[in-house]
**Student:** 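Sharing a structure below in structure tokens format, with a few things to ask.
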Amino acid sequence: MTSDKILYYSTNGNAARVSFGEALLKGLAPDNGLYMPDHIPALDKNILKSLAGKPYHEIAFVIAQNFLRGEISENSLRSIVKDAYNFEVPLQHVYDRNYIMRLDQGPTASFKDFAARMMGRLMQHFLQQQNRRMLILTATSGDTGSAIANAFYGLDNIRVVILFPENEVTPRQRKQMTTLRKNIRIISLQGKFDDCQSLVKQAFMDDSLASLSLSSANSINIGRLLPQSFYYFYAWSQLADTINGEQVIFSVPSGNFGNMMGGLLAKRMGLPVKKFIIATNENDEVPVYFQTGNYATIVPSRNCISSAMNVGHPSNMARVISLYGGAMDEKGNITRDPDIRRMHEDIFAVSISDQETTRVLKDTYLGYGVLTEPHGAAGWAGLLEYLRKFQEDIPGNQLAINLETAHPAKFPEEVRTLLGIEPELPPSMTGLDHADESFDRLENDYAQFRDYLKVRY
Ligand SMILES: *Cc1c(COP(=O)(O)O)cnc(C)c1O
């Protein structure tokens, strides 16, 4: 462990290093790059061992404290993690030593709750300290928006505007956002997720909106990224008594790669990980990059059943490249090559078709009684493909953990069609189907969006 305060640099390399608090409230760096820690704290082996069997919030505290040293008091951080992580994180056994970590038990039944709840409370903490208010702009393909809306709902110093692509979120995902009101405003955009993201990015660069004190809560915010390293440690800690110096495999269904970036940070901190499998849907720009060394964005992104992963240019890709010593600009041009050999050592990237996703979803339920949904099923399919492909190199009893990123009840149509059953609603979602909604509709036009903000804030 180091006591040096960590500063955060921009992946575009043309902005000053800032504290965590500043990076958190800024969102995007002034040169439009993404903030990254300038060094990654190494976790002492004994501290890692001491995490075994600990509750989630205690593990979150230890990891967060390493990144936030000198920026927040121990007491404040302890109460933030306790308040943020007040729900279960089950590790579901599937077969042999293969598990599914269910990140779907939070208030919006999505893994994005983990990052959003922590980020909201950290932002509220720093804003209150500085007596400031802020307007959060977020683009969502479904789960981000509901997680952000719920995580920020009722926070005094924060107002929130969320854009979603009108045809790419499920009715329940929409209702998790549109039934809140108070400090939360929702926009249905006539466009795709990438269009939503583009409007948000333009607003951040627009000087005429400077007085609104804009910030982002997308996966580009460093406050979203760090909490996504906690659950990798937690998974390890829960199974620690069965782990004997062995390295774990994680499979991560991926869209914007924030989830996977959290895992890469955990590994750099010292978590013994053998491999990260990143499973994308048919938006395969990253698996293709891993195979060929050529990165090409997919515009427009392809519509797949794992809708939260319909991303043609993952916003965290610049961070992944930067972590391996390279540089990538916002457009996806690689301006300095990363250490590809090391990337391949750590990561196996695979694209999973919709057909394969549904086949695996079905098999997993019929074979093991384990109910997944399209995102988690893509991750599980990626794991199966990896185990099949490298079976000669993998010990028979290898520990592998797939992340289930959403509750099956968020995708009832797929589950109903494929399995003929009705997924049971988690308590957080009962009553939603009949609740009153409130949202605005906008065309995919930046000038309209800008005026919308100016009139209301
Ligand atoms: C957001 C999301 C993903 C993708 O996560 P990234 O961090 O963007 O890679 C996967 N599954 C679900 C259900 C999601 O909501």
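Ligands are counted one by one from 1 in listed order, and the atoms in each one are counted from 1 as well. Each residue takes its place number in the sequence, starting with 1.
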**Student:** Ser110 versus ligand 1: do any nitrogen or oxygen atoms come within less than 3.5 Å of each other?
**Tutor:** no
**Student:** Would you say Arg416 has more than 12 foreign heavy atoms packed within less than 6.0 Å of its CZ?
**Tutor:** yes
**Student:** For ligand 1, is there an N or O atom under 3.5 Å from any N or O atom of Phe257?
**Tutor:** yes
**Student:** Would you mind running through ligand 1 and noting each atom that sits below 4.0 Å from a heavy atom of Phe111?
**Tutor:** 1 (C), 2 (C), 3 (C), 5 (O), 7 (O), 14 (C)
**Student:** Below 4.0 Å, non-hydrogen atoms only: which portion of Glu373 touches ligand 1? Side chain, backbone, both or neither.
**Tutor:** neither
**Student:** Give the atom numbers and elements of ligand 1 that come within less than 4.0 Å of a heavy atom of Met309.
**Tutor:** 10 (C)
**Student:** Under 4.0 Å between a side-chain nitrogen and a carboxylate oxygen: does that hold for Arg121 and Asp83?
**Tutor:** yes
**Student:** State, without any angle test, whether Asp96 and Asn98 hold a side-chain donor-acceptor pair at a distance under 3.5 Å.
**Tutor:** no
**Student:** Within ligand 1, which atoms have a heavy atom of Ala308 less than 4.0 Å away?
**Tutor:** 2 (C), 12 (C), 14 (C), 15 (O)
**Student:** Polar contacts were defined as any N/O atom of the residue lying under 3.5 Å from an N/O atom of the ligand; does this apply to His375 and ligand 1?
**Tutor:** no
**Student:** Any side-chain to backbone donor/acceptor pair from Glu373 onto His407? Under 3.5 Å, distance only.
**Tutor:** no
**Student:** Quick check on contacts: which atoms of ligand 1 are under 4.0 angstrom from a heavy atom of Gly258?
**Tutor:** 6 (P), 7 (O), 9 (O)
**Student:** Are Phe20 and Phe67 near enough that their ring centres are under 6.0 Å apart?
**Tutor:** no
**Student:** Is there a polar contact between ligand 1 and Asn256, counting only N or O atoms under 3.5 Å apart?
**Tutor:** yes
**Student:** Mind running salt bridge (charged side-chain N to carboxylate O under 4.0 Å, His left out) on Asp104 and Arg102 for me, showing each step along the way?
**Tutor:** CA-CA 5 Å; Asp104 60 354; Arg102 301 217 71 117; 3.1 Å; yes
**Student:** Can you confirm whether Lys274 is buried at NZ, in the sense that more than 12 heavy atoms of other residues, nucleotides or ligands lie under 6.0 Å from that atom?
**Tutor:** yes
**Student:** With heavy-atom distances below 4.0 Å as the criterion, list the atoms of ligand 1 near Ala406.
**Tutor:** 13 (C)
**Student:** Under 4.0 Å from any heavy atom of Asn259, which atoms of ligand 1 are there?
**Tutor:** 7 (O)
**Student:** Given salt bridge (charged side-chain N to carboxylate O under 4.0 Å, His left out), test Glu345 with Arg341 step by step and report yes or no.
**Tutor:** CA-CA 6 Å; Glu345 253 171 46; Arg341 194 192 52 80; 2.5 Å; yes
